[in-house]
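Report on the following structure.
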Amino acid sequence: MDQRGAPEFILDAFADPTSVRDVVRGILHTIFFLRYFPSVLPSTRDVLGLELAYVPDPEIETLIDQRVAGLVRQLEAERHPPHHHQHSSPFDGARGGLGIGGQITVQFFEKRRRKTWYAIRGEDEVCWESWTVKVTVADPRTEGNAPKSAAQPTQPYKTQSSKP
């Protein structure tokens, strides 16, 4: 059996607070579109001026919406912490003070038979690919910075992917 680790892809997304939901949904839908094996009629959606492919499957749509909603709630809580709690994000230093951050990881698994020297015993779930979407939410402090942060969100789709 192959003991190498599953390939991991890391995408950095940068968005303003009003577009973070659309940006993350667009990225996740694109990942699932690329890894969805049943035959499907491709569909596209406009996300900040980019046409992105998605899988028109209600189960996948619901799953993505639930996970994105959870991430947005987490990011909102970090943006507006209770007054008695000192805000500290692990992303502040790593992201150069650009804003708060969070991440979603998508892993794809397959079932493989577990073999012993004399018999097959059950199945193991083995990860064959992993995608991590790291999101930074830019919160412009002044009106002058708002256009700069609003123009940034589409950049990750074009250039910011890496494989460690």
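This structure is a prediction, so every number in the text was calculated from the model and none was measured.
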Give, for atom [atom1] of [X] and atom [atom2] of [Y], the distance between the pair rounded to the nearest 0.5 Å.
X	Y	atom1	atom2	answer
E51	D46	CD	CG	5.0 Å
R35	I60	CZ	CD1	13.0 Å
E125	R112	CD	CZ	12.0 Å
L28	D65	CG	CG	10.0 Å

Problem set entry | Qualifying residues under salt bridge (Lys or Arg N to Asp or Glu O under 4.0 Å), relative to R73, sequence neighbours excluded | none
Exercise. Looking at residues at least two apart in the chain, or sitting in another chain, which of them share a side-chain contact (heavy atoms from CB on, under 4.5 Å) with T105?
Worked result: Q103, Q107, S130, T132
For this session: With sequence neighbours left out, write down each residue that passes side-chain contact (heavy atoms from CB on, under 4.5 Å) with R21, or none if nothing qualifies.
Result: R25, V68, A69, V72
Quick one, [X] and [Y] - any side-chain contact, counting heavy atoms below 4.5 Å?
X	Y	answer
F9	W131	yes
V133	L71	no
L52	H29	no
V106	F32	yes
V23	V135	no

What's the shortest heavy-atom distance between [X] and [Y], and which atoms?
X	Y	value
P17	R79	CB-NH1, 3.4 Å
V137	D16	CG1-C, 4.2 Å
I27	A13	CD1-CB, 3.8 Å
D22	V47	O-CG1, 3.4 Å
S43	P56	OG-CG, 3.7 Å

Exercise. Are L50 and Y54 linked, directly or through other ILVMFWY residues, by side chains that come within less than 4.5 angstrom of each other?
Worked result: no
Exercise. Transitively linked via ILVMFWY side-chain contacts under 4.5 Å: Y36 with I64?
Worked result: yes
For this session: Without swapping roles, check the side chain of D57 against the backbone of E59 for a donor-acceptor pair under 3.5 Å.
Result: yes
Problem set entry | Whether W128 and F108 hold their rings parallel, tilted or perpendicular, with breakpoints at 30° and 60° | tilted
Exercise. Pick from T136, V24, V20: which one makes a side-chain contact (heavy atoms from CB on, under 4.5 Å) with L75?
Worked result: V20
